[in-house]
Amino acid sequence: MTEAPQQFGRSDEELAAMPLTFRDGLFDGQVALVSGSGRGIGKAIAYQLARLGAKVALCGRDETRLNATAEKLRALGADVMAHPMSIRDPDAVSRLYDVVWEKFGALDLVVNNAGGQFPQAAIDFSPKGWNAVIDTNLNGTWYMMQQAARRWRDAKRGGAIVNIVTVISRGMPGVAHTCARARA
């Protein structure tokens, strides 16, 4: 007998029905971009923003998950787009912002949620493993922030950035690459 994969976090149905954190319509007319929004915290944030009236751009590496999330949000009446890409690639980030501005004509909020790590003793990290986490968690977040700031500057408008970060003050054994990013 095969066991079903363990569910972490809330299901799509729970995310669609749970009480909203803020007042209805708080983000009406605003455009939000959420990285890493195909699952987990990013997906939950995308649901909240869409349910609060935002037009939502989803990005992440897993096209299947992004499209599934986009379809669920559209079923709730949200104006949403999915754009598979890696925030590790500054050119891909630039193209993402082009697509968001083409579709929605603006951008008001960026939620940098994409990230990752794999627990392992630091002495055993390969250069490829170290760089994968640093390139995503540090450089990718920077590319997303820099591109947003440039677009807002050039459009002579403001915007907001929310970065989802790791709190390491109590230690995090096995994820030195994530801790290095948090201290950078």
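For residues 40-55, the pairs satisfying salt bridge (Lys or Arg N to Asp or Glu O under 4.0 Å) are Asp12-Lys43, with sequence neighbours left out. Among residues at least two apart or in separate chains, there is no salt bridge (Lys or Arg N to Asp or Glu O under 4.0 Å) pair with a member in residues 134-145.
Residues Ile45 and Ser37 have side chains not in contact (no heavy-atom distance under 4.5 Å, counting atoms from C-beta outward). Contact of the Arg88 side chain with the Asn139 side chain is not registered, since no non-hydrogen atoms from C-beta on lie closer than 4.5 Å.
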What verdict does the side-chain contact (heavy atoms from CB on, under 4.5 Å) test give for Val34 and Leu49, after you've listed the backbone C-alpha separation in whole Å, the side-chain angles of each residue and the deciding distance to 0.1 Å?
CA-CA 9 Å; Val34 183; Leu49 289 167; 3.8 Å; yes
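The pair Arg39-Asp62 fails the salt-bridge criterion, with no side-chain N (NZ, NE, NH1 or NH2) lying under 4.0 Å from an Asp/Glu carboxylate O. At a threshold of 4.0 Å, the pair Asp98-Arg151 counts as salt-bridged, since one of the basic side-chain nitrogens sits closer than that to a carboxylate oxygen. Using a cut-off of 4.0 Å between Lys/Arg side-chain N and Asp/Glu carboxylate O, Lys72 and Glu13 are scored as salt-bridged.
The OH atom of Tyr47 sits 6.0 Å away from the OG1 atom of Thr69 when rounded to the nearest 0.5 Å. Summarising the geometry, atom NE2 belonging to His83 is positioned 11.5 Å from atom CG belonging to Leu58; distances are rounded to the nearest 0.5 Å. The distance from the CG atom of Asn131 to the CG atom of Leu138 is 11.0 Å, given to the nearest 0.5 Å.
A donor-acceptor pair is defined here as one N or O able to donate and one able to accept, closer than 3.5 Å; such a pair exists between the side chain of Asn113 and the backbone of Gly36.
The minimum heavy-atom distance between Leu73 and Ala50, with the atom names listed, is CD2-CB, 3.9 Å. For the pair Gly53 and Asp28, the tightest heavy-atom approach, listed with the atom from each and the gap, is CA-OD1, 3.3 Å.
Using modelled atom types, one finds no donor on one side chain facing an acceptor on the other under 3.5 Å when comparing Arg61 with Ser86.
Surrounding CD of Glu63 are at most 12 heavy atoms belonging to other residues, nucleotides or ligands under 6.0 Å away. Within a 6.0 Å sphere centred on CG of Leu26, other residues, nucleotides and ligands contribute more than 12 heavy atoms.
Through direct or relayed side-chain contacts under 4.5 Å between Ile, Leu, Val, Met, Phe, Trp and Tyr, Leu33 connects to Val31, Met81, Met85, Ile87, Val93, Leu96, Tyr97, Val99, Val100, Trp101, Phe104, Leu107, Val110, Trp142, Tyr143, Met144, Met145, Trp152, Ile161.
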